[in-house]
Amino acid sequence: AKARGRSGWCFFEAGMDERLAGSLRIETALRQAVAQGELLLHYQPIYCARTGRLTKAEALLRWESPQLGWVSPGRFIPVAEESSLILEVGAWVLEEAIRQVAQWRAQGWDAPVVSINVSARQFAHPGFEALLHTLLQRHGLPPRAIELELTETLLASDQEDLPALLHRLHGAGVGLSLDDFGTGYSSLSYLARFHLNTVKIDRSFVMNLQEDSRNHSLVRAIISMAHSLHLQVVAEGVESALQRAILQAEGCDYLQGYLLGRPMPAEQLHARPLALTEA
Ligand code: C2E
Ligand code: CA
Ligand code: CA
Ligand code: CA
């Protein structure tokens with residue numbers, strides 16, 4: 001940052017300018033990314049905690065820009081969400097994930113259910129539901145083959161027909177998952193209000209999970225509450241054998257994290273063993 005003065009205020013302003021300039025560069029480069037084939041999906045395995053079977057995988061966006069190199073989704077997704085670019089990017093993700101599952105099935109693989117991250121603005125777009133069904137039909141995939149990962153921000157929107165839309169998707173068989181559970185303000189009320197199948201316990205709770213920790217009590221409470229509402233629970237960010245063991249002991253349904261597998265290209269996921277070995 002260019003220092004224009006000694007006061008903290010000026011440094012702060014310079015930092016803002018730089019961040020804004022960075023975002024503009026990202027936005028400009030991202031405009032061509034879909035058309036130029038610069039996006040791809042990686043898949044992170046999600047295992048059944050009880051049987052160890054590979055039952056789901058999360059599709060995670062990757063972008064290599066000729067101008068900027070690899071840019072992480074944590075950086076460029078928020079930029080895309082600021083503009084209507086997220087619609088184009090989101091539609092690409094949806095079709096690519098659906099195409100990939102269809103291809104796996106055509107290859108004779110009983111592929112895991114793929115969960116797809118959906119941004120609030122994308123979901124609020126009036127064409128979203130029709131697009132989803134068009135893509136499923138185009139690739140001959142039943143709705144049960146995929147799952148949508150929704151955020152609290154999305155559920156908090158004042159989208160008029162939100163409960164009805166979720167109800168229809170749920171009824172059609174599309175899995176609905178609440179991502180980053182526990183990080184927002186009103187997670188609890190959403191669980192009761194909407195038709196969901198799964199909650200994903202945020203990594204921040206799993207991170208400090210150990211015997212007798214407060215997080216342990218919290219995770220136990222989340223799992224029991226979710227189960228009493230007939231929701232399944234995925235724990236994200238599982239990095240250690242101890243975390244895995246605690247989550248299994250607490251009856252968590254699915255495990256996702258670097259301990260079990262990083263996000264990887266589609267071919268690598270297909271080549272994975274169908275089940276984990278015992279912890
Ligand atoms: P998320 O949906 O919470 O995805 C999980 C993130 O945690 C991923 O980061 C994943 O690589 C990372 N992760 C998984 N296991 C572990 C672990 O054991 N330890 C640690 N430290 N990290 C782990 P990634 O791929 O960088 O994605 C970041 C975020 O970008 C995602 O967070 C999601 O909010 C967003 N995102 C990614 N792909 C898409 C997409 O296709 N559409 C939308 N709308 N958002 C996306
Ligand atoms: Ca997610
Ligand atoms: Ca998450
Ligand atoms: Ca997250």
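In each ligand, atom 1 is the first atom listed, and ligand 1 is the first ligand listed.
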Distance-minimising heavy-atom pair for P142 and L136 | O-CD2, 4.3 Å

Smallest separation among heavy atoms of A156 and Y190, with atom names | CB-OH, 3.0 Å

How is the N/O/S atom of D179 that comes nearest to the Ca ion (ligand 3) named?
-> OD1

Is there side-chain contact between T198 and F181, with heavy atoms separated by less than 4.5 Å?
-> no

Indicate the ring-plane relationship of W63 and F76, choosing parallel, tilted or perpendicular according to the 30° and 60° boundaries.
-> perpendicular

Geometric N/O contact N117 with ligand 1, under 3.5 angstrom | yes

For ligand 1, which atoms sit closer than 4.0 Å to a heavy atom of G237?
-> 16 (C), 17 (C), 18 (O)

Answer yes or no: does an N/O atom from L61 fall short of 3.5 Å to an N/O atom of ligand 1?
-> yes

So do H170 and N197 actually touch side chain to side chain, heavy atoms under 4.5 Å?
-> yes

Which atoms of ligand 1 are found less than 4.0 Å from any heavy atom of V238?
-> 18 (O)

Within the stated cut-off of 3.0 Å, is an N/O/S atom of E236 closer than that to the Ca ion (ligand 3)?
-> yes

Say whether P263 and ligand 1 are in contact under the criterion: heavy-atom distance to a ligand atom below 4.0 Å.
-> yes

So between S119, G74, A120, G261, whose heavy atom ends up nearest atom 44 (N) of ligand 1?
-> S119

Closest D180 atom to the Ca ion (ligand 3) [N, O or S only] | OD1

Answer yes or no for D202: is there an N/O/S atom below the 3.0 Å cut-off from the Ca ion (ligand 3)?
-> no

Close N or O approach (R203, ligand 1; < 3.5 Å) = yes

Any E58 heavy atom less than 4.0 Å to ligand 1 = yes

The Ca ion (ligand 2) as vertex, arms to OE2 of E58 and OE1 of E149: angle to 10°?
-> 90°

Any N/O pair Q44/ligand 1 closer than 3.5 Å = yes

Would you check if the Ca ion (ligand 2) lies under 3.0 Å from any N, O or S atom of S177?
-> no

Donor-acceptor under 3.5 Å (D179 side chain, T151 main chain) | no

Of the backbone atoms (N, CA, C, O) and the side-chain heavy atoms from C-beta on, which set of H42 has a member under 4.0 Å from an atom of ligand 1: side chain, backbone, both, or neither?
-> neither

Would you please classify the geometry between the W104 ring and the Y43 ring as parallel, tilted or perpendicular, with 30° and 60° separating the classes?
-> perpendicular

Number the atoms of ligand 1 from 1 as they appear, then name those within less than 4.0 Å of a heavy atom of D180, with their elements.
-> 3 (O)

Would you call E236 and R203 a salt bridge, using N to O less than 4.0 angstrom?
-> no

For S119 and L154 the tightest heavy-atom approach is O-CD1, 3.9 Å

Report yes if the side chains of H195 and L169 come closer than 4.5 Å at any heavy-atom pair, otherwise no.
-> no

For atom 16 (C) of ligand 1, which of F76, Y258, W63 has the closest heavy atom?
-> Y258

Under 4.0 Å from a heavy atom of G257: give me the atoms of ligand 1 that qualify, with their elements.
-> 15 (N), 18 (O)

Shortest non-hydrogen contact between A49 and C252, atoms and distance | CB-O, 3.1 Å

With heavy atoms under 4.0 Å as the rule, classify the contact between R62 and ligand 1 as side chain, backbone, both or neither.
-> side chain

In ligand 1, which numbered atoms sit nearer than 4.0 Å to a non-hydrogen atom of E239?
-> 17 (C), 18 (O), 19 (N), 20 (C), 21 (N)

S177 to E147 - nearest heavy-atom pair and separation | CB-OE1, 3.9 Å

Closest non-hydrogen atom pair between L162 and L155, with its separation | CD2-O, 3.6 Å

